[in-house]
Amino acid sequence: MNPPVLVGEGLVKRFGARAVVDGVDMRVGAGEIVTLIGPNGAGKSVLLKIMLGLIAPDSGRVTRAQGLRVGYMPQRLSPDPNLPMPVARFVGLAGRLPPGEIDAALDLAGALDLRAAPLSALSGGELQRVLLARALVRKPGLLALDEPAQGVDVTGQDALYALVARLRDTLGCAVLLVSHDLHLVMARSDRVLCLNGHVCCTGKPEAVGRDPAFAALFGPRAGESLALYRHHHDHVHDAHGHVHPHPHGEGHRHG
Amino acid sequence: MDDFVWRAGLAGLGLAAIAGPLGSFVVWRRLAFFGDALAHSALLGLAFAFLIDVEPILAIAAFGAAFALALSALLGRAKLPADTLLSIAAFATLSLGLIALSFVETLRVDLTGYLFGDILAVGRRDVVAAWIGALLGLAVLAFLWRPLLSASMEEDLARVEGVNVDAMRFAFVLLLALVVALAMKIVGVLLVTALLVIPAAAARRFATTPETMAALAALAGACAVVLGLWASLVFDTPSGPSIVVAAAAIFAGSLAFQRRG
């Protein structure tokens, strides 16, 4: 098992009488892709925010590896049209950065051609890529992504998740991902936490897909369609919807 | 030209220099109502100044800062919608201020002057105060620029990146209280927010970065001060409203241009 970068133990968070996060233990190892999955209102985003120190838990504790840098992609950003903000400047807000870093991060996220565009003029998919670039520009040890594929069409979603998996491979960072969208995410995760307040089931994506708790939460066909999905994948779509043959033999997992 | 016009002009230009950049943040953070509530409370601060006999600008800035901090804490907790709460705070403090000042009538408080500005009342000290305040405010803004901008856009993201978001909010609210205090004699408490918001809105059309917007807002504010004072002198109109009308005219003119970025 990889050394942990982020560990949460016994986490509980109540809003009123309802425990949104109810006794969750979780760990993210270095270089590992961990996905939090669950229906709407299952406490995924709250758990992520607790893990990042944005929300204080009512009980339990979070330990992070010393000097861990986190690149965070929030669930949504609605750029104010009253704020003139070129994309490159927005990415540069992440901190004091050496020159060239901004373009490098935009390039990694596939958004270099947007560098001079005003943030408020971007489409949903473009905005997600720019947010990803901002998360990457800090050279994070952990990428925390909250529903990164929101507002992105299905082909773009697949490209985005493929990109995240590729980034993990090239940058070696851990990834903590929140999603309610089963098919595209799970295949690329090392570990899945199926959440509904508490952890319903956890493990490798295949095992979770077969778990009765998973079927109970998402319906009996969810695991099935997941398996199906993983068999007809021999090409990729980029964010612009173009279709490419699979590069670098990355499709082997879907064989 | 009389001395008082020069004093008013100089003080007004100092005010415009800080009101432009700070007003841009007011627009970006959508705090126009908040600024308004803060400005309305200034009369109460003024009453305190008479009560304990201190320099009005200091009393108003100090009282405004305390009021603004309490108000922003309340906004985070209250179940009421922000605009409702801010309206209540604005009118309650304005009315309290008016009542409090009615007790110190012996001091011959020129109420319209405080409500709408009175250039005749701008003394040498006010000019110095306006420029010290402006330069101090600009220095703080420049120093905090990147984290403040980041926190104004997305607080969680800024927090994860190590920005102390609460400290940024604190600093911003203090700056706002300072500008309200400086602006009171020149445009009056009822019109302070106009000098923050209108130049920034006019600058938006021509700006492609936050910095150019802030600089252009200062420029638009300066033009409004000069134009407004000139009109006030020529047509014998009240100075504060004249400056605000000039700013609004500049804003209206900006609408003829296409937005650039």
Side-chain angles (χ1 to χ4, degrees), chain A residues 6 16 45-46 48-56 64 67-97 116-122 127 130-140 142-146 176, chain B residues 20-32 76 79 143-166 168 196-217 251 254-255 257-261:
Chain A
L6 195 60
S45 285
V46 175
L48 181 73
K49 286 184 181 181
I50 291 172
M51 294 297 282
L52 295 180
L54 294 171
I55 295 179
R64 45 159 87 189
L68 177 70
R69 238 194 323 240
V70 179
Y72 174 52
M73 195 168 155
Q75 193 172 76
R76 73 181 76 233
L77 177 85
S78 9
D80 187 341
N82 273 325
L83 174 57
M85 180 61 78
V87 162
R89 277 300 316 278
F90 175 73
V91 174
L93 286 180
R96 276 175 219 282
L97 303 164
L119 200 64
S120 55
L122 301 185
L127 191 58
V130 170
L131 281 170
L132 182 61
R134 170 128 174 211
L136 290 172
V137 80
R138 286 163 48 78
K139 302 199 176 310
L142 172 71
L143 259 182
L145 314 175
D146 195 351
L176 177 54
Chain B
L22 198 68
S24 300
F25 274 101
V26 169
V27 169
W28 298 334
R29 297 176 78 111
R30 296 179 180 271
L31 285 178
K79 298 259 191 288
F143 183 68
L144 298 179
W145 190 264
R146 186 183 52 76
L148 185 60
L149 200 53
S150 180
S152 300
M153 291 190 75
E154 226 288 323
E155 292 200 340
D156 278 349
L157 184 53
R159 257 195 203 106
V160 169
E161 289 168 352
V163 174
N164 187 338
V165 171
D166 298 322
M168 290 303 135
L196 288 166
V197 171
I198 301 177
R204 174 62 187 98
R205 296 251 154 189
F206 308 101
T208 51
T209 64
E211 292 76 21
T212 49
M213 179 160 156
L216 289 172
F251 171 73
S254 81
L255 294 178
F257 296 85
Q258 199 106 64
R259 203 169 86 184
R260 289 186 57 209

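Heavy-atom basis, side chains included; hydrogens, waters and symmetry copies ignored. Lettering follows sequence order; numbering is per chain, from 1.
For chain B, the nearby part of A/Arg76 is the backbone; its heavy atoms alone come within less than 4.5 Å. Proximity to chain B (any heavy atom under 4.5 Å) is restricted, for A/Pro74, to the side chain, taken from C-beta onward.
The two residues A/Asp80 and B/Arg30 have their closest heavy-atom pair at OD1-NH2, 3.4 Å. Between B/Leu149 and A/Arg89 the shortest heavy-atom distance is CD2-NH2, 3.9 Å. Scanning both residues, B/Arg204 and A/Asn82, for their nearest heavy atoms gives CD-O, 3.1 Å. Closest of all the heavy-atom pairs between A/Pro84 and B/Ala207 is CB-O, 3.6 Å.
Comparing B/Ser150, B/Pro210, B/Ser152 by how many heavy-atom pairs each has under 4.5 Å with chain A, the most go to B/Pro210. Of the listed residues (B/Arg159, B/Met213, B/Met153), the one with the most heavy-atom contacts under 4.5 Å to chain A is B/Met153.
Looking at residues two or more places apart in sequence or on another chain, you find no ring pair (Phe, Tyr, Trp, His ring centres under 6.0 Å) involving B/Phe251.
The existence of a salt bridge linking A/Arg134 and B/Glu154 is excluded, since no basic side-chain nitrogen approaches an acidic carboxylate oxygen closer than 4.0 Å.
A/Pro86 places none of its side-chain heavy atoms less than 4.5 Å from the side chain of B/Thr208.
Atom CG of A/Leu93 sits about 9.0 Å away from atom CG of B/Leu157, to the nearest 0.5 Å.
Along residues 21-29 of chain B, the residues that come nearer than 4.5 angstrom to chain A, judged on non-hydrogen atoms, are B/Val27, B/Trp28 in order of number.
In terms of modelled atom types and a separation under 3.5 Å, the side chain of B/Arg146 and the main chain of A/Gly92 share no donor-acceptor contact.
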